[in-house]
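Structure first, commentary second.
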Amino acid sequence: MILFGKKDKHIVTEQLPKEVCEDCGKRGGVVSLFQIYFHVLTLPIIPVSRKTASQCLKCRKIKVEQYFSEIQLSVSNKLKNSYKTPLWSMIGAGVLFVFVLLKLILKWT
């Protein structure tokens, strides 16, 4: 059983129908945005980062952001700017804050 670690959650995907794959030479691909967060007992505590990845729809080759073409990079930047960090990735931090606050209040009373 894993008690803590990092996980990623898919946020959004955008199609690139005119993008040509460098490996197979076929058209069609997607760019996806993922939220990476630190979790304890599957409860998200803090968002760590957001990453993007690209995949060819024909050969299923996956590329990370440092190997993106210009079109993929512009779509990646657009996705990162238009989709903010979701509130669910900070639920655990809120629960811990309330727990500590209640402990402090009960200690002083």
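By convention here, the first residue in the shown sequence is residue 1. As a basis for the values below, the full set of heavy atoms in this structure was taken, side chains included, without hydrogen atoms, waters or symmetry mates.
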With a 4.5 Å cut-off on side-chain heavy-atom distances among I, L, V, M, F, W and Y, is there a chain of contacts connecting [X] to [Y]?
| X | Y | value |
| --- | --- | --- |
| V48 | L41 | yes |
| I45 | I36 | yes |
| L33 | L57 | no |
| L43 | F97 | no |
| L87 | I46 | no |

For the student: nearest non-hydrogen atoms of [X] and [Y], plus distance:
| X | Y | value |
| --- | --- | --- |
| I11 | P86 | CD1-CG, 3.6 Å |
| K61 | D23 | CD-OD2, 2.6 Å |
| F68 | K63 | CE1-O, 3.4 Å |
| T52 | S76 | OG1-OG, 2.9 Å |
| G25 | V20 | O-CG1, 3.7 Å |
| S49 | Q35 | O-NE2, 3.2 Å |

From [X] [atom1] over to [Y] [atom2], what is the distance, rounded to the nearest 0.5 angstrom?
| X | Y | atom1 | atom2 | value |
| --- | --- | --- | --- | --- |
| W108 | K103 | CH2 | NZ | 14.0 Å |
| Y37 | K6 | OH | NZ | 12.5 Å |
| L3 | H39 | CG | NE2 | 9.5 Å |

For the backbone of P17 and the side chain of R27, can you confirm whether one donor and one acceptor N or O come within less than 3.5 Å of each other?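 No, because the side chain of R27 does not come within donor-acceptor range (under 3.5 Å) of the backbone of P17.
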What I'd like to find out is whether the side chain of [X] reaches to under 4.5 Å of the side chain of [Y], using heavy atoms alone.
| X | Y | answer |
| --- | --- | --- |
| M90 | T85 | yes |
| S32 | H10 | yes |
| E65 | L73 | yes |
| V31 | T13 | no |
| K58 | C21 | no |

Are more than 12 heavy atoms from other residues, nucleotides or ligands located less than 6.0 Å from atom NZ of K80? yes
Residues, nucleotides or ligands: over 12 heavy atoms within 6.0 Å of K84 NZ: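 More than 12 within 6.0 Å, yes.
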From CA spacing to verdict: side chain to side chain contact (heavy atoms under 4.5 Å, CB included), L16, V30: CA-CA 5 Å; L16 300 173; V30 294; over 6 Å; no
Is the F38 ring parallel, tilted or perpendicular to the F4 ring (thresholds 30°, 60°)? tilted
Residue pair E14, L79: steps toward the side chain to side chain contact (heavy atoms under 4.5 Å, CB included) verdict: CA-CA 8 Å; E14 185 162 325; L79 290 177; 3.7 Å; yes
